[in-house]
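The next block holds one structure in the form of structure tokens; read it before the comments.
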Amino acid sequence: MRVGIVGAGAVGGYFGGRLAEKGADVTFLVRPNRKKRLTEKGLVIHSPIHGNSHRSVSVVTPEETAPPFDLLIVAVKAYHLDSVIPFMQTFSDQHTMILPLLNGYAHIDHLQQAFSKDSIFGGFCFMESTLDQSGEIHLLGKHHRLVYGELQENANHARMDQLKQLFADANLEAVQSDFIETEMWNKYQYIAALSGMTTLMRSEIGAIRDSTYGSELYQQLLNEIYQVTIRQPLPKPPESPDIIWNRVQKASPQSTSSMYRDLKQGLPIETDHLHGSLVRWGKEANLSLPILTTIYTGLSLYQPSGSSL
Ligand SMILES: NC(=O)C1=CN([C@@H]2O[C@H](COP(=O)(O)OP(=O)(O)OC[C@H]3O[C@@H](n4cnc5c(N)ncnc54)[C@H](OP(=O)(O)O)[C@@H]3O)[C@@H](O)[C@H]2O)C=CC1
Ligand SMILES: CC(C)(CO)C(=O)C(=O)O
């Protein structure tokens with residue numbers, strides 16, 4: 001199977017690198033600067049738990065040509081999705097499977113409109129991975145789990161078997177899900193609340209939980225997000241705010257979110273995709289979402305500056 005990884009960043013670089021390590025036929029779809037780095041220095045992964053890796057990899061830029069890929073794994077930030085769609089269209093055909101790993105859910109609809117509806121899989125990942133200044137990948141914790149599955153309307157076991165074989169024996173944890181929409185929304189609920197609270201409070205999770213009204217506010221936010229979530233057509237019920245709050249309580253006090261880290265560095269953030277979409281869906285359903293709307297409004301006023309707050 002010819003696999004194209006769209007975006008050789010913290011997520012795509014990591015999973016693509018692990019697949020290449022196992023001998024899969026992997027090519028990274030990148031922009032010219034990333035191509036230069038990868039060609040000169042190779043793809044470097046640092047992981048104290050799962051092992052380091054340094055290898056040469058195949059890359060392709062939008063100006064080049066290559067036959068269509070069998071699978072495109074999409075790992076760009078949501079605000080770059082529009083710019084990669086033409087790039088993906090150049091390197092795909094009607095048989096290409098598309099597996100996005102972005103946080104959130106609005107990108108699914110977007111991809112289904114740009115490609116054939118049944119080519120799009122559901123997917124997401126649990127990991128804490130970053131790129132350093134030289135473009136090397138650092139997996140910070142032990143998690144490197146990728147969850148994927150056919151969206152309800154598409155169930156096709158032959159394709160699922162192909163993906164299972166691709167991920168088998170790679171140095172990553174791949175989980176096939178029969179309820180991928182619900183699982184994506186469970187992660188979405190968790191990350192929308194975590195990124196919203198840590199960025200609004202400019203704090204780690206422990207300090208928020210310990211503040212006088214922090215826990216109360218956090219749970220109210222989870223309730224608002226849940227009101228939007230339960231209105232989605234999901235194959236099984238989503239996790240309730242209590243279950244997610246339980247997880248938040250168990251998280252280490254130092255936990256933050258990648259959005260908080262991006263904000264601190266003055267980088268662009270995915271708030272329109274994560275919080276804005278929830279607010280828009282909620283307003284369509286006439287829901288009152290004061291905390292979510294405050295978070296989204298505050299974050300949409302933020303201007304990336306490239307420097308620390
Ligand atoms: N990092 C993490 O630990 C986690 C991230 N996620 C989610 O995964 C998604 C990806 O995040 P992450 O990997 O961290 O993001 P990164 O910013 O690390 O990587 C995104 C990559 O996309 C590339 N890209 C952007 N536009 C294009 C383009 N037009 N053509 C080719 N490549 C392009 C960038 O390339 P360039 O180098 O040229 O800028 C960059 O390398 C997000 O939705 C995030 O929320 C989910 C769970 C954990
Ligand atoms: C849930 C978490 C913290 C790690 O997967 C994440 O997705 C993020 O910070 O963006």
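All ligand and atom numbering here is 1-based and tracks the order in the structure. In this text, all values refer to a predicted model and were calculated from it rather than measured experimentally. Atoms considered below: every heavy atom in the structure, side chains included; atoms not considered: hydrogens, waters and symmetry mates.
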Ring-ring centroid check Phe167 Tyr148, cutoff 6.0 Å: yes

Closest approach of any protein heavy atom to atom 13 (O) of ligand 1, naming residue and atom: Val11 N, 2.9 Å

Other residues, nucleotides, ligands: >12 heavy atoms within 6.0 Å of Lys283 NZ: yes

Salt-bridge contact Arg261-Glu128 (side-chain N to carboxylate O under 4.0 Å): yes

Ligand 1 contact by Ser258, heavy-atom criterion under 4.0 angstrom: no

Residue and atom name of the nearest protein heavy atom (relative to atom 25 (C) of ligand 1), distance in Å to one decimal: His80 ND1, 3.2 Å

Check: Asp272 side chain, Ser300 main-chain N or O, donor-acceptor pair, under 3.5 Å: no

Lys/Arg-Asp/Glu bridge criterion (N-O < 4.0 Å) met for Asp178, Lys236: no

Per-atom contacts, ligand 1 versus Val84 - under 4.0 Å to a heavy atom: 27 (C), 28 (C), 29 (N), 30 (N)

Donor-acceptor under 3.5 Å (Glu270 side chain, Lys77 main chain): no

Which residue and heavy atom of the protein sit nearest atom 19 (O) of ligand 1, plus the separation: Gly9 CA, 3.2 Å

Test item: Ser255 side-chain N/O and Ala251 main-chain N/O as donor-acceptor pair under 3.5 Å: no

Over 12 non-hydrogen atoms of neighbours within 6.0 angstrom of NZ in Lys36: no

4.0 Å heavy-atom contact, Met127 with ligand 2: yes

Per-atom contacts of ligand 1 with Leu102, taking only distances under 4.0 Å to non-hydrogen atoms: 43 (O)

Whether Lys187 lies under 4.0 Å from ligand 1, heavy atom: yes

Expected output: side-chain Glu21 to main-chain Ala170 donor-acceptor under 3.5 Å: no

Of all pairs that satisfy ring-ring contact (aromatic ring centres under 6.0 Å, His included), the ones with a partner from residues 12-32, not counting sequence neighbours: Tyr14-His144

Where ligand 1 meets Gly7 - atom numbers and elements under 4.0 angstrom, heavy-atom basis: 22 (O), 23 (C), 32 (N)

Check: Val30 N/O within less than 3.5 Å of ligand 1 N/O: no

Pair Glu150 + Arg159, salt bridge at N-O below 4.0 Å: yes

Protein contact to atom 20 (C) of ligand 1 [nearest heavy atom, distance to 0.1 Å]: Ala75 O, 3.6 Å

Numbered atoms of ligand 1 (with element) below 4.0 Å of Leu29, judged on heavy atoms: 31 (C), 32 (N)

Positive for side-chain contact (heavy atoms from CB on, under 4.5 Å) with Tyr188, one of Asn103, Thr229, Ile225, Leu278: Leu278

Candidate with minimal heavy-atom separation from atom 12 (P) of ligand 1, of Lys77, Glu128, His144, Met88: Lys77

Ser258 N/O to ligand 2 N/O under 3.5 Å: yes

Heavy-atom pair of closest approach, residues Phe91 and Thr61: CZ-O, 3.9 Å

Phe87: numbered ligand 1 atoms lying under 4.0 Å from its heavy atoms: 30 (N), 31 (C)

Minimum-distance protein heavy atom relative to atom 3 (O) of ligand 1: Ser129 N, 2.8 Å

Protein contact of atom 42 (C) of ligand 1 - nearest heavy atom, named by residue and atom, plus distance: Glu270 OE2, 3.3 Å

Nearest protein heavy atom with distance in Å, relative to atom 7 (O) of ligand 2: Lys187 NZ, 3.0 Å

Atoms of ligand 1, numbered as shown, that sit under 4.0 Å from any heavy atom of Leu101: 8 (O)

Main-chain N/O of Lys41 paired with His54 side-chain donor or acceptor, under 3.5 Å: yes

Nearest neighbour in protein (non-hydrogen) for atom 9 (C) of ligand 1: Val76 O, 3.7 Å

Any Met259 heavy atom less than 4.0 Å to ligand 2: no

SB check Lys35 Glu64 (cutoff 4.0 Å): yes

Option whose closest heavy atom lies nearest to atom 7 (C) of ligand 1, chosen from Ile137, Asp262, Asn103, Leu274: Asn103

Sub-4.0 Å atoms of ligand 1 with respect to non-hydrogen atoms of Cys125: 46 (C), 47 (C)

Residue, atom name and distance, where the atom is the protein heavy atom closest to atom 6 (C) of ligand 2: Ile191 CD1, 3.3 Å

Protein heavy atom at shortest distance from atom 39 (O) of ligand 1: Arg31 NH2, 3.0 Å

Subset of ligand 1 atoms that lie under 4.0 Å from at least one heavy atom of Met127: 3 (O), 48 (C)

Contact check, Asn33 vs ligand 1, heavy-atom distance below 4.0 Å: no

Side-chain touch Gln232/Val228, heavy atoms, less than 4.5 angstrom: yes

